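Working notes, structure below.
Atoms within a ligand are numbered from 1 in the order they appear, just like the ligands themselves. Position 1 is the first residue of the sequence, and the numbers go up from there. Every value quoted in this text rests on a predicted model; they were computed, and no experiment measured them.
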Amino acid sequence: MGQKRGRDSKSQARESKKQKKAVKSSVESEGNSWDGVVGIDDLNWKEVALPDRLGDASGFFGLEEIDGVDIVRSTGGGQIRFKAKSGKPNQSILKAPSGEDNGEEWSGFSDGESTDKTAAIPIADAQPAKDEKKSKNKKESKEPKEAKNAKKAKATKTKDAQPARDPNLKAGLSFAALLEEAEEDDGVDVSAWDKLGLSPEILTSLSKLKFATPTAIQKSCIPAILEGHDVVGKASTGSGKTLAFGIPILEHYLEKRGKKEDEAETPNSAPMALILSPTRELAHQLAKHIGELNANAPDTNARIALLTGGLSIQKQQRQLSGADIVIGTPGRVWEILSTGSGLIRKMQGIKYLVVDEADRLLSEGNFKEVEEILGALDRKEQGDFPDMDEEAAVEEEPSVRQTLVFSATFHRELQQKLAGKSRWSGEDAVDKKDSMEYLLKKLNFREEKPRFIDVNPAQQMAEGLKEGIVECPAMEKDLYLYSILLYHPKHRTLVFTNSISAVRRLTQLLQNLQLPALGLHSSMAQKARLRSVERFSSPTADPSSILVATDVAARGLDIKGIDCVIHYHAPRTADAYVHRSGRTARAGAVGKSVIICAPEEVVSVARLAAKVHVRNAKKGPVKKLPLESLDIDRRVVARVRPRIDLARKITDASLAKEKISAEDNWLRAAADDLGVEYDSDAFDESKGKGRGRGGGRHLKEKQDSSITKGELAGLRAELKHQLSQRVNIGVSERYLTAGRIDIEALLRGEGNDSFLGHLDPLNF
Ligand SMILES: Nc1ncnc2c1ncn2[C@@H]1O[C@H](COP(=O)(O)OP(=O)(O)OP(=O)(O)O)[C@@H](O)[C@H]1O
């Protein structure tokens, strides 16, 4: 029989990796005497897939089910236990310990459950698990130094034990690696980390994660942070900045824990670090990445609370109360802190404040909340400084916490101020409340000048990135986007647009062309946002997956195997170009970034690219633009044009129908409320006649939506037929089938030159 349970019981089931192992080993140690009866938390529950339209409000999200179990009631009558159905092996109903490949698809980001087992983040409210570990840790802390060193040696001795994996292909580990690693895996040689003075626990974790060498930013920042400095770190996208601050934070956690055990102190539940992120997806990813470091470190169980909007605030509040590390977006962090209950007081004791993607956090829409948070961290309670006003008290008191500020881009003014090359204007800044300078001052660095660490001042873009530009008429971007995708099959591609409506339209358009496209923008429900990222990044996803996104995906997202970033709309700023393009060619891998550019955009795009590639004086000026001009074979374009025309008609009609029906419903409801009669024709007529803004658009939408079901079906059938046709360009016998060209032939490089146009420089 199948069983279902709600999310609450799942939350009771949270436990550390150790506990999971314990279930398995106790089962194993019981050998033949085990009767196969297990508790609810030992079962391999699977989340029930719910239709998308249920959204977040269903209340059913998180429902879980299990097949193949029988209920066993204990003789005492109370407790319900479970057993595999007859004919099924006993082990088949047990959950797999984390890190063990149980053959299931990785479930990726969960709905705010930073505590989810698959997320590998020990949870803030799993106190028993932690306490259990503490007693173990206590024993371990008495371990003589030699034993620890031996352990360290073990972490390093496994050199050459592993088949050589491409050392560059660690990108996206946060999404997939735990599935790939067998638990018995001894890891890689980590002796290259020796000089950084890390603990055996962290070295073991790095070894298991197969991070053999620290990246440049890690090498420079980790010692500086461990020495207690404020650090401003700048390094190109995908260069490992997360662990540059994540490792010292976990080191501090281990040190603090060690001290407490020595002094037999009771555990302090105040968080030791607050990490701010500009987007929800990035916050989730930071939690996963640091969570993995934590989960792979023996006997390390730092609890991470993930505070992001769109998910249950109560759950996050609960997590916060027992957290060691708090990661979140400023809006939600402030929402929770400002609820009172002593949370601000607790947060004032943090040892680290991390501002990730700092240029964005300090300058854009997050200003108000960041200001509130920073203000609250330094606010003195009344009576702390009886003779001073609050502002003066803050000025006088040197901060106990270290402030760590990271990004791949810092605009010049911010960089100069952070590097201490230009002075902050003091009093003035407080008046200019909306200035970045004011926030910088509020960061309240403990040192007069933070350490400014820029590991590659001459280069903002990742080493392995190739940049291209495709010119086309403004109205033909769809056609050229599709053509580029055809040239680039079986590769994960991220397409950036500048508007939410473009994301909606392009996603549907590509889906109508039978391409596996997903959308991501900030107006989507949070659950749907996470699901898009999860589906796109899943190791089992279609290798041709396409994510169409606004700049909400531009910062920080670390998804394995994104080979190509396409800018459907040119980025608005040079920094946006750097961050968008930085979603590929991460962690030493290669990748391509292509801007689709209308003639009227060429000048501004060239200016933008030149800005990004300005070299420092020593290296001399850049000789030519690094953007390779790509010619798409016009014959290919001409042949796929009918497909695009059909797909556009279908997409426009469906979107217009959806919009008009939503508007109609809304107006009908409003008319009902007002007690008047709603005449949609009269309303439309008045709207269509209007010469004001949007009149023409409304008329077009009306026309698009007036297409009948039959006509729509006819268009679909025609498109299907088109997609099944060869696109024979006369030079090559290769053809496009169902939207994809013959990739095998492409890879063999057989006679494709003329077919491919002049794409060779980017090795498409
Ligand atoms: N020492 C290391 N060796 C190999 N891979 C690493 C190492 N450190 C981190 N990585 C991997 O590099 C990838 C990029 O790391 P991370 O997301 O921290 O980059 P980032 O510099 O913060 O990028 P962005 O500026 O885009 O946010 C991740 O997949 C991570 O697993």
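The atoms of ligand 1 that sit less than 4.0 Å from any heavy atom of Ala587 are 12 (O), 13 (C). Listed by number with element, the atoms of ligand 1 under 4.0 Å from a non-hydrogen atom of Thr242 are 16 (P), 17 (O), 18 (O), 22 (O). With ligand atoms numbered from 1 in the order given, ligand 1 contributes 19 (O), 20 (P), 21 (O) to contacts under 4.0 Å with heavy atoms of Ser239.
Residue-level proximity to ligand 1 for Arg583 is carried by the side chain, the only part with a heavy atom below 4.0 angstrom. The part of His289 lying near ligand 1 is the side chain, judged by heavy-atom distances below 4.0 Å. Only the side chain of Gln218 comes within contact range of ligand 1, with a heavy atom under 4.0 Å; no backbone atom does. Proximity of Phe245 to ligand 1, defined as any heavy-atom pair under 4.0 Å, is not found for any part of the residue. Residue Arg586 touches ligand 1 through its side chain alone, judged by heavy-atom distances below 4.0 Å. Under 4.0 angstrom from ligand 1, the non-hydrogen atoms of Thr213 all belong to its backbone. Here Asp558 has side-chain heavy atoms under 4.0 Å from ligand 1, and that is the only part of it that gets that close.
Between the side chains of Asp563 and His491, a donor-acceptor pair is found at a separation under 3.5 Å. Between His579 and Thr409, the side chains place a donor N or O and an acceptor N or O closer than 3.5 Å (distance only, hydrogens not considered). In this structure, a donor-acceptor pair under 3.5 Å is present between the side chains of His229 and Glu447. Counted by atom type alone, Thr497 and Ser499 present zero donor-acceptor pairs between their side chains at under 3.5 Å.
Some N or O of Gly240 is nearer than 3.5 Å to an N or O of ligand 1, by distance alone. Close N/O approach between Ala235 and ligand 1 is not found [any backbone or side-chain N/O within under 3.5 Å].
Glu357 counts as a contact of ligand 1, since one of its heavy atoms falls under 4.0 Å from the ligand. Under a 4.0 Å heavy-atom criterion, His579 is not in contact with ligand 1.
Checked for salt-bridge contact, Asp558 and Arg586 meet the test: a charged N lies under 4.0 Å from a carboxylate O. Ion pairing between a basic and an acidic side chain is recognised when a charged N comes within 4.0 Å of a carboxylate O; Asp324 and Arg257 show no such pairing. A salt bridge links Arg529 with Glu281: the closest approach of a Lys/Arg side-chain nitrogen to an acidic carboxylate oxygen falls below 4.0 angstrom.
Remark: Tyr568 pairs with Asp478, Arg505 by the side-chain hydrogen bond (donor to acceptor under 3.5 Å, both in side chains) rule, at least two apart or across chains.
The list of side chain to side chain donor-acceptor pair (under 3.5 Å) pairs with a residue in residues 211-223, not counting sequence neighbours, reads Thr215-Gln218.
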- Message: Pair Tyr253, Glu201 - check side chain to side chain donor-acceptor pair (under 3.5 Å), show working.
- Response: CA-CA 11 Å; Tyr253 165 81; Glu201 287 89 342; over 6 Å; no
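Residue nearest to atom 31 (O) of ligand 1, selected from Phe211, Phe406, Trp193: Phe211 (by heavy-atom distance).
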